[in-house]
Asker: 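The following block contains the structure, expressed as structure tokens.
Numbering of ligands and ligand atoms starts at 1, following listing order.
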Amino acid sequence: MKDPILVINCGSSSIKYALISREPDAPRLVGLAERLGSPEARLETTDTQGSKREHALPGADHMAALEAILSHLGDTPPVAVGHRIVHGGERFTRAAIIDEDVIRSIHETAALAPLHNPANLAGIDATQRIFPHLTQVAVFDTAFHQTLPPHAYRYAVPDSLYREHGIRRYGFHGTSHAYVSRQADRLEGGTANGWLTAHLGNGCSTCAVWEGKSLDTSMGLTPLEGVVMGTRSGDVDPGLHAHLGRELGWSLDDIDRLLNKQSGLLGLSGLSNDMRQIERAASEGHAGAQLALEVFCYRIAKSLASLSCALPELTGLVFTGGIGENSPLVRHKVVAALPHFRLTLDDAANTSTVRGACQRIDSGNHATPRVWVIPTDEESQIARETQQVLDARA
Ligand code: ADP
């Protein structure tokens, strides 16, 4: 591998990594350490040929897992480390070299991402100890959305909440929306301007991208706002909290748990947060799964329609994420709910997409917007942004 960059995505009990060569399209080493801190901790590594191996790491913490990962990186050491950081607040509009000041800012923003930023910091700390001489770069999920204009990022609440407490819309999944919209531009020969992107995985969000800049997105202060997700409700009436508190005596923690962990596809179906299972059960007549599917798709279409207000012109729609890349049914239903966009699907193309490939699935009429399926690659976007920071410093 030539001058590889190690990409680290650290969760509270997991570390996803990828060692990515500077040569475009070169095979990469990837892996996932999970259940860290428990007796079942384990590491799954995948080599450049795609073969997987499992390694038990009983009781391993982040540090021990990173040491194990290091021992599987082969003989080309990384030249830098790129960290996925969930929340960069308003300070970070692009990736930044990690120093004391950047670490302090990530700490300060932790109130806005209490589950994610502390885990990201644990990853930085362990990686700095293991690679004390390597440049480490923070790539923020929120940075791509820092181009939102105030009329898109402000909530209609008193100004002091924004000024004193940073209450505004930030948006997430920025690396994915940035990556797929850039790919879409490239696939259209660099002449495309306006994309609606739908990242549909366990977490789901939509984004309006004009000339490479995010102008609006469905997630807000937290990754709960917007469309329906696996276990997250997406938008609800903000009055719901007061109602549940007053009428049912629920605490804020109860409500938070309900909306983040027990809602979405899982809550509506009473069955599962997994779209494959929802689709299977819906086709067998399960009423809850059928409703979950309908609400999920309608709400995505509704979100895309509202985001279209941000675009002077619509070049097309991009589907990505586990559901967006793999579910012809969801794509069909979303497009069918947007007839006024004059989107037309090629049904044969929609149902025969190949896993991992970028494919155009509209009918090919030049007068109507495009519809693309583009596999996301957040790791390669993080490696790219890390490289840009290194190049800018050189
Ligand atoms: P994450 O957001 O955790 O990265 P993914 O992007 O992998 O998650 O997306 C996971 C979702 O993708 C799950 O709901 C899963 O059911 C769905 N999915 C994966 N393959 C298919 C498929 N063939 N058809 C429908 N849904 C799929």
Asker: Taking N or O atoms only and a 3.5 Å limit, does Asn202 qualify as a polar contact for ligand 1?
Answerer: yes
Asker: Could you tell me whether some N/O pair between His199 and ligand 1 is separated by less than 3.5 angstrom?
Answerer: no
Asker: Can you find an N or O of Met275 that's nearer than 3.5 Å to an N or O of ligand 1?
Answerer: yes
Asker: Ser327 heavy atoms, cut-off 4.0 Å: which ligand 1 atoms fall inside?
Answerer: 25 (C)
Asker: Indicate the ring-plane relationship of His87 and Tyr170, choosing parallel, tilted or perpendicular according to the 30° and 60° boundaries.
Answerer: perpendicular
Asker: Look at Glu379 together with Arg84 and state whether they make a salt bridge at an N to O cut-off of under 4.0 Å.
Answerer: no
Asker: Under 4.0 Å and counting heavy atoms only, is there anything from the protein next to atom 14 (O) of ligand 1?
Answerer: yes
Asker: What is the nearest protein non-hydrogen atom to atom 27 (C) of ligand 1, stated with its residue, atom name and distance?
Answerer: Arg276 CG, 3.6 Å
Asker: Return the closest protein heavy atom for atom 11 (C) of ligand 1 as residue, atom name and distance.
Answerer: Ile323 CG1, 3.7 Å
Asker: Do the side chains of Arg129 and Asp125 get close enough for a salt bridge, i.e. N-O under 4.0 angstrom?
Answerer: yes
Asker: For Glu279 and ligand 1, does the shortest N/O to N/O distance drop below 3.5 Å?
Answerer: no
Asker: Measure the distance from atom 16 (O) of ligand 1 to every protein heavy atom, then report the residue, atom name and distance (to 0.1 Å) of the closest one.
Answerer: Asp274 OD1, 2.6 Å
Asker: With a 4.0 Å cut-off on heavy atoms, is Gly230 touching ligand 1?
Answerer: no
Asker: Considering heavy atoms of the protein only, find what lies nearest to atom 24 (N) of ligand 1 and give residue, atom and distance to 0.1 Å.
Answerer: Asn326 O, 3.5 Å
Asker: Is a salt bridge present between Arg182 and Asp185, judged by a nitrogen-to-oxygen distance below 4.0 Å?
Answerer: no
Asker: Using 30° and 60° as the class boundaries, would you call the ring planes of Phe92 and Phe140 parallel, tilted or perpendicular?
Answerer: parallel
Asker: For the residue pair Ser303 / Ser218, report whether a side-chain donor-acceptor contact shorter than 3.5 Å exists.
Answerer: no
Asker: Given Ser272, Pro375, Gly322, identify the one with the heavy atom nearest to atom 9 (O) of ligand 1.
Answerer: Gly322
Asker: Is there a donor in the side chain of Trp372 and an acceptor in the side chain of Glu188, or the other way round, less than 3.5 Å apart?
Answerer: yes
Asker: Gly203 heavy atoms, cut-off 4.0 Å: which ligand 1 atoms fall inside?
Answerer: 2 (O)
Asker: Could Lys302 and Asp235 be called an ion pair, given the rule that one side-chain N must be under 4.0 Å from one carboxylate O?
Answerer: no
Asker: Using a strict threshold of under 4.0 Å (side-chain N to carboxylate O), is an ion pair present between Glu108 and Arg91?
Answerer: no
